[in-house]
Amino acid sequence: MRVTYDNGIKNIEIVQNHESEDVGKRALKVIPERIVKENTPDVDAVSGASATSRAISEAVRKALKNVKE
């Protein structure tokens, strides 16, 4: 995962995943969009893909800990 931060979360790029082709893949698209839009990793999970949604949010939280403002 690559997170771009410049006075807020600007972009999230998932560079590698091992999700199945069902709702897990949908979460890979939807959750980063929600996080950027709301500028927080604390967003609602995609129904049926809560584990994937939580994993993405947690990865973004970890990335943000490394941001130096």
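- Listed by first then second residue, pairs satisfying salt bridge (Lys or Arg N to Asp or Glu O under 4.0 Å) with a partner in residues 47-56 number zero, not counting sequence neighbours.
- Nearest heavy-atom pair, Ile31 versus Ala45, reported as atom, atom and distance to 0.1 Å: CD1-CA, 4.2 Å.
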Test side-chain contact (heavy atoms from CB on, under 4.5 Å) on Ile12 and Met1 and set out the steps. CA-CA 7 Å; Ile12 299 170; Met1 177 167 304; 4.0 Å; yes

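- In this structure Thr52 satisfies the side chain to side chain donor-acceptor pair (under 3.5 Å) test together with Glu19, sequence neighbours excluded.
- For the side chain to side chain donor-acceptor pair (under 3.5 Å) test, no residue two or more places apart in sequence or in another chain qualifies with Glu38.
- What you find for Val60 and Ile9 is that their closest heavy atoms are CG1-CD1, 4.4 Å.
- Lys37 pairs by the side chain to side chain donor-acceptor pair (under 3.5 Å) definition with nothing, not counting sequence neighbours.
- The two atoms that bring Ile14 and Asn17 nearest to each other are CG2-CB, 4.3 Å, heavy atoms only.
- For the salt bridge (Lys or Arg N to Asp or Glu O under 4.0 Å) condition, the pairs that include at least one residue of residues 5-17, sequence neighbours left out, are Arg2-Glu13.
- Going from atom CG of Leu28 over to atom CD of Glu33 covers 11.0 Å, rounded to the nearest 0.5 Å.
- Contact detail for Ile35 and Pro41: the closest heavy-atom pair is CG1-CA, 3.9 Å.
- Taking all atoms of both residues into account, the shortest heavy-atom contact from Arg34 to Asp44 is NH1-O, 2.6 Å.
- In this structure Gln16 satisfies the side chain to side chain contact (heavy atoms under 4.5 Å, CB included) test together with His18, sequence neighbours excluded.
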